[in-house]
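Take a look at the structure set out below.
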Amino acid sequence: MKKIAVLGCGALSQTFCMNVSRLLEDDYFITAVLAKHHEHAVDLSMKIGSFACHNLRELLSLRPDIVVEFAGVEAVEKYAEDILSSGCDLVIASVGALDDKDFREHIIKVAKDHERHIYVTSGAIGGMDIMSTFAAYGNPEVSIVSVKPPQVYDNSPYLANKPVRRDQEVVVFEGDVHAAIRGFPRNVNVSVATALASHAHDMKVKLISDPSATRNTHTVTLHNPIMDAQLTFSAEPDHENERASMSAAWSVIALLKNLSSPLSFF
């Protein structure tokens, strides 16, 4: 069995942790959790029978095989190198951190030097297989449109703390993926994942605020000379963080199941 450690103890982490023992008990167990606020780690650890760590050093001393991150872009930037260099594989949910080319190339090198793997989960979307197929052919045209309720965009750097209108549908952003992640660091992880999987580094992003929206919806459109695809995903938001979708937790469970199975799906 492989040992898992978890960064972050919010709703996504709790959904993940509570279902690992139920669905993956023959292949994995959670040895440790770490949170920004230690009391949150204690609460979760008591539910699943793991250690609540005070810091990353303590977590890594337990020698997990895989570290699963649900803690945000800042946590990826802060901890990824140490996790990989200690001999752990890393599952990244906050893929927005990888939009920074220098950081991305650095941790890829660290992973290669230490013979480790970095896994990016599909999160609130899917279709990474077909996106990778478009990337293999080369130079795809890719765009993504995301629709969320107005409140999830509040306090985004791009909006300079101005609230989004609550009375009508509005486009709050339209531009490339790099400007999108800088302006909305908690809203466009799916856009960065799409750009990386498809190798569409100049991918266009449109963010829409819809007061009637009860789910987070993403539509990805891909084109090259031999293929066209349009993928639409709609998911329930995380009850603690409406910017994220609950499917993000389940995508990590699906990834781990795929890694442990002799039959894998791409």
With a 6.0 Å cut-off (strictly less than), is the heavy-atom count around [atom1] of [X], excluding the residue itself, greater than 12?
X      : atom1 : value
Lys3   : NZ    : yes
Tyr119 : OH    : yes
Arg63  : CZ    : no
Asn139 : CG    : no
Glu115 : CD    : no

Would you confirm whether [X], through its side chain, and [Y], through its main-chain N or O, come within 3.5 Å as a donor-acceptor pair?
X      : Y      : value
Asn224 : Met227 : yes
Asp228 : His223 : no
Glu69  : Ser94  : yes
Ser261 : Lys257 : no

At what distance, to the nearest 0.5 angstrom, does [atom1] of [X] lie from [atom2] of [Y]?
X     : Y      : atom1 : atom2 : value
Asp65 : Thr31  : CG    : OG1   : 9.5 Å
Leu23 : Trp250 : CG    : CH2   : 5.5 Å
Cys88 : Ile4   : SG    : CD1   : 11.5 Å

Under the salt bridge (Lys or Arg N to Asp or Glu O under 4.0 Å) test against Asp154, which residue among Arg165, Lys162, Arg166 passes?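 Passing option: Arg166.
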
Applying the 4.5 Å side-chain criterion to the ILVMFWY set and letting contacts propagate, would Ile208 and Val188 be lumped into a single cluster?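 Each belongs to a different hydrophobic cluster.
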
Decide whether Ser50 and Ser45 meet the rule of one side-chain donor and one side-chain acceptor closer than 3.5 Å.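 No.
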
Once you measure the plane-to-plane angle for His38 and His54, does it fall in the parallel (<30°), tilted (30-60°) or perpendicular (>60°) bin?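 Parallel: the ring planes of His38 and His54 meet at under 30°.
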
